[in-house]
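For reference, the structure discussed in these notes is given below.
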Amino acid sequence: ASDRIKEALKNGYAKFEWVHRRTNGEEFPAEVWLTTILFQGRKIVHAVVRDLSEKKKAQQEIIVSENKLNNIISNANTGIFVSQAGRFKFANSYAANMIGLPLEELIDQSFIKYTFRQDIPTLAKLFSKIIEDKEASEKFVYRYHTHLKEIKWAEINIIYHIWEEKPAVLCFINDIT
């Protein structure tokens, strides 16, 4: 604590997280702001302590929730991907396996590149309609081809989604070949 007080005296302020103790002896995470002020001609350190218990609890709940969701998506027997501006922005390993590429190679590739040529106009219209309507969802059977150009049939469920603050489509895809 004395190091933080010295920092505040030197710089005029110090902000840090600390484990604080309530009057009943219970410890809690806190954010502490120390600022120097002049009081009756003397430089003193003023402290503001904010209880971070609820914030830390909420952060932990988010981490647990993200881990659960990631586990579901990673282990789904359905291809799941996000397409934005015609490119794969996110995909699970099942979707990458359907195309026949490692997951990291699929990201940022063109979705159209793996769509059967005759199905491109219809799929492009559906993607545009969903992004325009913002609430529509569509199911569609179409043909795609793998990285090795093997033609397959799939059922795709397309819904509107926001990805990194921009419109996109979230797709669930099952091979029905």
Side-chain angles (χ1 to χ4, degrees), residues 1-99 101-114 127-128 130-137 157-173:
S2 63
D3 288 342
R4 299 299 187 156
I5 292 170
K6 287 176 188 174
E7 180 185 343
L9 287 168
K10 178 182 173 190
N11 300 327
Y13 70 95
K15 178 184 173 188
F16 55 95
E17 288 190 14
W18 194 260
V19 177
H20 213 65
R21 185 172 285 126
R22 300 184 200 287
T23 54
N24 66 3
E26 176 188 2
E27 291 185 341
F28 66 97
E31 178 181 72
V32 180
W33 276 88
L34 300 178
T35 53
T36 57
I37 56 174
L38 282 176
F39 180 73
Q40 296 179 348
R42 293 181 34 220
K43 193 183 227 186
I44 64 169
V45 177
H46 176 260
V48 175
V49 178
R50 185 170 70 116
D51 187 341
L52 295 178
S53 299
E54 290 299 315
K55 179 181 178 182
K56 296 288 185 180
K57 181 181 174 189
Q59 287 172 334
Q60 188 59 37
E61 288 172 357
I62 289 170
I63 289 168
V64 168
S65 180
E66 285 176 345
N67 287 339
K68 285 179 185 177
L69 185 58
N70 186 47
N71 195 25
I72 290 168
I73 291 169
S74 296
N75 293 293
N77 286 330
T78 295
I80 302 170
F81 66 89
V82 173
S83 178
Q84 187 178 64
R87 300 205 164 278
F88 288 102
K89 293 298 182 179
F90 168 86
N92 67 352
S93 57
Y94 197 91
N97 289 339
M98 288 175 69
I99 300 294
L101 286 174
L103 185 56
E104 50 281 349
E105 286 184 34
L106 184 61
I107 303 304
D108 272 332
Q109 292 232 17
S110 169
F111 176 75
I112 299 300
K113 180 177 179 179
Y114 299 100
F127 279 27
S128 294
I130 289 167
I131 287 174
E132 191 176 297
D133 290 351
K134 295 185 177 153
E135 291 186 23
S137 69
N157 186 9
I158 313 161
I159 61 173
Y160 179 76
H161 187 68
I162 295 290
W163 184 261
E164 296 177 348
E165 301 180 23
K166 294 178 187 167
V169 289
L170 172 61
C171 302
F172 301 88
I173 185 170

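The residues of the chain are indexed from 1 along the displayed sequence.
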Which residues pass the side-chain hydrogen bond (donor to acceptor under 3.5 Å, both in side chains) test with [X], sequence neighbours left out?
X: T78; value: N174
X: N75; value: N71
X: Y114; value: Q109

| query | Taking C-beta and beyond as the side chain, do D133 and Y160 meet within less than 4.5 Å on heavy atoms? | reply | no
Without placing hydrogens or testing angles, list every side-chain donor-acceptor pair under 3.5 Å for residues 38-46, not counting sequence neighbours.
{"from": "K43", "atom 1": "NZ", "to": "L9", "atom 2": "O", "distance (Å)": "3.3"}

| task | Determine which pairs satisfy salt bridge (charged side-chain N to carboxylate O under 4.0 Å, His left out) with at least one residue from residues 72-89, sequence neighbours left out, and list them in order. | result | K89-D108
| Residue pairs passing the salt bridge (charged side-chain N to carboxylate O under 4.0 Å, His left out) test where at least one lies in residues 52-80, sequence neighbours excluded | E17-K56
Residues that [X] engages under side-chain contact (heavy atoms from CB on, under 4.5 Å), provided they are two or more places apart:
X: S74; answer: N70
X: A76; answer: I80, N92
X: Q60; answer: I63, V64
X: D51; answer: R22, F28, S53

Would you give the length of the straight line joining atom [atom1] of [X] to atom [atom2] of [Y], rounded to the nearest 0.5 angstrom?
X: S137; Y: L170; atom1: OG; atom2: CG; result: 11.0 Å
X: S93; Y: L101; atom1: OG; atom2: CG; result: 13.0 Å
X: H20; Y: L52; atom1: NE2; atom2: CG; result: 11.5 Å

| field | Residue pairs fulfilling ring-ring contact (aromatic ring centres under 6.0 Å, His included) with at least one residue in residues 49-92, sequence neighbours excluded | value | F81-F88, F81-F111, F88-F111, F90-W163
| side-chain hydrogen bond (donor to acceptor under 3.5 Å, both in side chains) contacts in which one or both residues fall within residues 4-13, not counting sequence neighbours | none
